[in-house]
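Okay, so here's the structure we're looking at.
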Amino acid sequence: MLDKTYNAQDIEERRYRAWEESGVFGCAPDSNAAPYTIMMPPPNVTGSLHMGHALTFTLQDVLIRYFRMKGRDALWQPGTDHAGIATQMVVERNLADTGQTRHDLGREAFVDKVWEWRAHSGGTIQRQLRRLGASADWPRERFTMDDGLSRAVTKVFVQLHKEGLIYRDKRLVNWDPKLHTAISDLEVEQRPTDGQMWYFRYPVQGAPDRFIVVGTTRPETMLGDTGVAVHPDDDRYRDLVGKTVILPIVDRPIPVVADDYADPEKGSGAVKITPAHDFNDFEVGRRHDLAMINVLDRDARLNEAVPADFQGLDRFVARDRVIERMEALGLLEKVEPNPMTVPYGDRSGVVIEPWLTDQWFVDAKTLAQAPIQAVEEGRTRFVPAHWANTFFEWMRNIQPWCISRQIWWGHRIPAWYGPDGAIFVEETEEEAQAAAHAHYNDAVALRRDDDVLDTWFSSALWPFSTLGWPDDTQELARYYPGDVLVTGFDIIFFWVARMMMMGHHFMGDVPFRDVYIHALVRDAKGQKMSKSKGNVIDPLDLIATYGTDALRFTLTAMAAQGRDIKMSESRVQGYRNFTTKLWNAARFCEMNGCIPRADYDPAAVTSTLNRWIVARTTATARAVGAAIEAYRFNEAAQVAYQFTWNTFCDWYLEFAKPVFNGEDTAAQAETRATAAWVLDRILTLLHPIMPYVTEELWDALSDSRPHPLIAAPWPEDRADLAAPAAEAEMDWLVGLITAIRSVRAEMNVPPGARLPVQIKDANATTQARLETHRALVATLARLDAVTLVDEAPTSGAAQVVVDEATVILPLADVIDLEAERKRLARDVAKQDGEITKLAKKLANEGFLAKAPAEVVAENRERLADLEATRDRLKEALARIG
RNA sequence: GGGCGAUUAGCUCAGCCGGUAGAGCAUCUCGUUUACACCGAGAGGGUCGGCGGUUCGAAUCCGUCAUCGCCCA
């Protein structure tokens with residue numbers, strides 16, 4: 001016997017362990033079933049489960065569990081990535097507690113420490129994913145620093161280098177002066193800031209008292225200026241183009257050049273050019289062959305390229321010092337407030353410096369072409385489709401991808417340098433030595449590049465490296481490309497686009513057919529959750545309070561395409577109530593001997609009641625499946641919820657009660673078996689969303705299950721189970737009962753009172769239906785007798801119209817005639833309103849001429865129905881007098 | 001500045017190919033009838049952001065404006 005309420009805490013861990021140990025999460029490479037593959041976006045090894053994870057992994061699990069039940073060979077490939085900078089920072093912070101830095105340890109010992117850290121602290125998120133019910137193929141779990149994946153990284157790097165798609169270059173990169181590494185454009189956060197614009201006067205050489213005024217938001221960089229640009233069409237400066245100005249403080253002569261980059265409308269129209277410290281200036285400098293003077297060191301302090309009294313100053317100290325000096329020199333023209341954006345490192349939180357260094361780059365532009373084409377041709381499809389625009393926008397304007405990082409935790413770049421700086425890129429040191437030997441005709445000492453690769457470089461290979469590439473494995477042939485990638489929009493550039501580039505280049509095909517982009521989870525007020533705001537809701541807390549299924553159902557039900565999710569505890573509570581409702585419905589079935597029967601044939605049921613629920617069940621399973629396949633998760637959840645609660649519990653089980661308590665044993669047997677069958681199907685179609693409670697009930701309700709629910713087949717969609725006549729009949733019955741209940745409530749009839757009811761003008765169909773369902777009507781509407789009459793009693797009755805018939809409830813003692821009159825009059829008015837609208841529509845020549853015939857017919861029919869109802873209501877009104 | 005999204009009941013949101021505006025929560029009334037008060041029955045509540053257009057017909061398609069949010073520069 002089931003407990004009175006469902007207690008999630010008691011069963012979840014046990015159920016999960018049973019699933020995992022039984023191996024049902026695993027794919028079956030040798031099976032004949034069509035594969036269904038989802039590559040799990042690998043969370044950071046440093047990560048712990050937050051609400052965004054809970055959403056994305058719930059949706060992935062819904063898909064995987066659904067397609068597994070549909071008979072596909074489902075592979076959900078799990079794993080984590082090594083999160084280079086983040087992980088290194090964590091371990092360095094731990095080291096700092098003992099007063100050490102990584103440099104005290106040295107590279108090798110430090111990397112060992114990171115591995116150690118991973119072994120002890122790295123498995124958090126995998127445990128939490130299990131808590132969430134994620135049915136991933138855990139024995140296949142991979143880590144981006146695994147031997148196999150590292151081999152893939154090396155091979156890709158070497159091959160792309162040989163193809164000229166990876167190259168070393170001296171360019172401006174985003175330099176993080178705290179972490180001492182380059183980072184990619186995407187790791188830079190542009191923060192709006194109330195800055196200032198300083199206007200400096202630079203004296204023109206050979207023209208005493210003549211100055212050119214330049215504006216700058218970063219005065220300290222002027223020490224590295226190597227030119228001044230003006231717009232070629234700017235008359236104010238035309239004569240100065242080609243002349244020289246003297247850079248104050250430094251006393252360096254620098255040229256005035258004409259370049260479109262100078263905007264005559266902005267500031268003074270003249271702009272100082274610091275090619276080594278600004279991305280735009282870098283381009284201008286290139287065009288005009290200006291010198292590049294790097295004035296900053298790796299800590300963003302001024303270096304030896306500036307006058308002695310500025311050397312060693314921090315950039316912000318230097319800024320004040322430059323302004324002071326310029327003012328003292330009388331060369332500070334003015335200062336204006338200037339709203340601007342300032343780049344910050346998303347990991348370090350410090351201001352990023354454009355800095356001139358040697359780095360490795362990927363020719364992203366070339367690699368982007370195939371993915372762009374794939375999306376254009378629909379071989380990869382974004383859902384919702386508008387995300388393709390974001391993708392195109394970025395891919396068509398893509399910049400070289402800086403992949404080298406000056407840290408220690410990651411894949412070390414397989415490049416070796418000879419004594420003269422010649423580069424040998426090979427998969428192993430031996431091969432590099434061999435190449436060097438061939439190059440120098442001699443054995444030379446090589447030095448390996450110190451840098452490691454951007455973590456996203458290895459993540460980009462995830463769809464095939466996890467399947468064994470570069471080996472030609474069975475898995476690779478079978479599970480690549482994946483069916484869908486499920487992720488948030490924030491990662492389209494970082495990861496989705498890069499997987500597509502690498503997938504195309506190395507596998508010659510898209511890495512996945514669909515990309516489903518889901519929303520962000522926000523707090524109940526729509527604010528982004530953040531630790532600093534203190535509005536973070538921990539999914540594990542919700543799981544502890546309401547159970548995993550309630551959380552999963554909430555996230556699924558709220559995952560409408562194109563809209564962010566405002567998470568609130570009350571919603572989770574509501575869906576917890578739903579799990580309890582399901583539990584209690586199952587308990588009711590159990591109490592009434594509704595046991596699933598292997599020989600049950602839903603097509604063979606005879607009663608209208610059972611044919612109706614069988615048809616509805618089948619239609620519901622079809623709708624839920626279609627919704628999941630279309631990534632309409634909210635719709636899947638809603639359809640399943642409404643069927644379970646509002647159809648099965650509210651009506652079917654209520655209808656079943658009189659049958660169970662009645663005399664007809666054949667009807668009882670059929671209804672018991674049908675209830676059990678329907679409940680089984682409800683468990684099945686809810687299982688992808690709420691795996692725990694459904695599996696628990698599945699197990700509890702029968703001793704002879706051939707499979708656990710997770711491995712049970714999705715309900716068959718059988719056309720022969722449709723029953724439109726039964727559905728119409730039951731709809732009528734529900735309508736009749738609802739109408740009577742409504743009148744009773746409105747007339748303040750005591751809920752316990754059993755009333756006689758008379759039905760006037762019932763046609764043959766209604767009479768037959770009434771005969772069939774007399775007991776049901778009597779029970780559910782609390783009546784004691786239902787009689788067909790030709791003549792209605794006059795006053796002292798409440799009346800309600802159901803289709804062609806008028807239902808009369810004699811209430812001589814209790815009725816408030818005035819209230820009844822008002823109620824009927826209000827109903828008449830309501831019908832009249834509709835009638836007017838429809839009549840107008842049907843009087844419209846254009847409508848009659850142009851609307852489809854069936855629409856016109858439908859409207860005519862509706863009008864006739866409304867008029868008939870209205871007339872009956874009027875008659876009822878007249879009877880009251 | 002460019003792009004994307006949102007605007008529908010008190011709140012949170014569905015509404016697909018244009019054809020009778022829906023759900024959950026909240027509110028109000030009634031109720032403990034042997035699954036469930038984490039419940040049941042009933043009720044009220046909407047100029048679908050504004051304006052214009054297309055159409056026989058617009059929440060839905062188009063244009064425009066407003067407000068809010070996000071991304072990019």
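Every chain is numbered from 1, with letters handed out A, B, ... down the list of sequences. These numbers come from the heavy atoms of this one structure, side chains and all, not from hydrogens, waters or symmetry mates.
Residue whose closest nucleotide on RNA chain B sits further toward the 5' end, between E845(A) and I737(A): I737(A). Looking at which nucleotide of RNA chain B each of R571(A) and N661(A) is closest to, the 5′-most match is held by R571(A).
When the side-chain nitrogen and oxygen atoms of W651(A) are compared with OP1 and OP2 of G40(B), none of them lie within a distance under 4.0 Å. The phosphate of C36(B) (OP1 or OP2) has no side-chain N or O of N577(A) nearer than 4.0 angstrom. Contact annotation: K581(A) reaches the phosphate of G40(B) (side-chain N/O to OP1 or OP2, under 4.0 Å). Proximity of R632(A) to the phosphate of G15(B): a side-chain N or O atom is located under 4.0 Å from OP1 or OP2. Considering only side-chain N and O atoms, K657(A) lies under 4.0 angstrom from the phosphate OP1 or OP2 of A35(B).
Using a 30° and 60° split on the angle between ring planes, F489(A) and W387(A) fall in the parallel class, below 30°. Below 30°, between 30° and 60°, or above 60°: for Y631(A) and Y516(A) the angle between ring planes is below 30°, a parallel geometry.
Checking G42(B), C4(B), A35(B) against the side-chain heavy atoms of N389(A) singles out C4(B) as nearest. Closest to the side chain of T738(A), from the set G24(B), G19(B), G42(B), is G42(B). For M558(A), counting side-chain heavy atoms from C-beta on, the closest listed nucleotide (U12(B), C56(B), A35(B)) is U12(B). Nearest nucleotide to the M591(A) side chain, out of C4(B), C56(B), A35(B): A35(B). Closest contact between the side chain of Y641(A) and the listed nucleotides G40(B), G24(B), G42(B) involves G24(B). Listed nucleotides: C38(B), A35(B), G42(B). Nearest to the side chain of T580(A): C38(B).
Pairing each heavy atom of Q668(A) with each of E663(A), the nearest pair is NE2-N, 4.4 Å. Residues A519(A) and L55(A) approach most closely at O-CD2, 3.5 Å, considering heavy atoms.
Checked by atom type, the side-chain pair T548(A)/E12(A) shows a donor-acceptor distance below 3.5 Å. No side-chain donor-acceptor contact under 3.5 Å links N584(A) and Y6(A).
If you check every strand for non-hydrogen atoms under 4.0 Å, C589(A) touches nothing. K4(A) comes within contact range of the sugar-phosphate backbone alone, with a heavy-atom separation under 4.0 Å but no base atom that close. The residue R576(A) sits close to a base: some heavy atom pair falls under 4.0 Å. Among the heavy atoms of the strands, none lies under 4.0 Å from A849(A). Contacts of R862(A) with the nucleic acid, taken as non-hydrogen atoms under 4.0 Å apart, include base atoms. At the heavy-atom level, S742(A) lies under 4.0 Å from the strands shown only through sugar-phosphate atoms. In this structure, N859(A) reaches neither bases nor backbone, as no heavy-atom distance under 4.0 Å exists between it and the strands shown. Nucleic acid contact class of T5(A) (heavy atoms, under 4.0 Å, all strands): none. Among the heavy atoms of the strands, none lies under 4.0 Å from R744(A).
A ring-centre distance under 6.0 Å is found for Y641(A) and Y575(A).
For R587(A) against C36(B), a side-chain-to-base donor-acceptor contact under 3.5 Å is absent. One can find a donor-acceptor pair under 3.5 Å joining the base of A35(B) and the side-chain atoms of E654(A).
A heavy-atom distance below 4.5 Å is not found between the side chains of T380(A) and P371(A). Counting only heavy atoms from C-beta outward, the side chains of L582(A) and T694(A) approach each other to under 4.5 Å.
Regarding Q190(A), its CD atom lies at a distance of 12 Å from the C1' atom of C71(B), rounded to whole Å. The nearest whole Å value for the distance from the CH2 atom in W645(A) to the P atom in C25(B) is 7 Å. The CG-C1' distance, from L582(A) to C38(B), rounds to 13 Å in whole Å. In this structure, N397(A) atom CG and G3(B) atom C1' are separated by 12 Å, rounded to whole Å. Across the protein-nucleic acid pair, F489(A) atom CZ and A6(B) atom P stand 14 Å apart, rounded to whole Å. The NZ-P distance, from K822(A) to A43(B), rounds to 19 Å in whole Å. For the pair F382(A) CZ and G5(B) P, the computed distance is 15 Å after rounding to whole Å. Between the P atom of U33(B) and the CG atom of L653(A) lies a distance of 19 Å, rounded to the nearest Å.
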Dot-bracket encoding of pairs in RNA chain B, which uses [ ] for pseudoknotted crossings and | for another strand, Watson-Crick or G-U under 3.5 angstrom: (((((((..((((.....[..)))).(((((.......))))).....(((((..]....)))))))))))).
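A donor-acceptor pair is defined here as one N or O able to donate and one able to accept, closer than 3.5 Å; such a pair exists between the side chain of R823(A) and the backbone of Q799(A).
Classification of C17(B) as syn follows from a glycosidic angle within 90° of 0.
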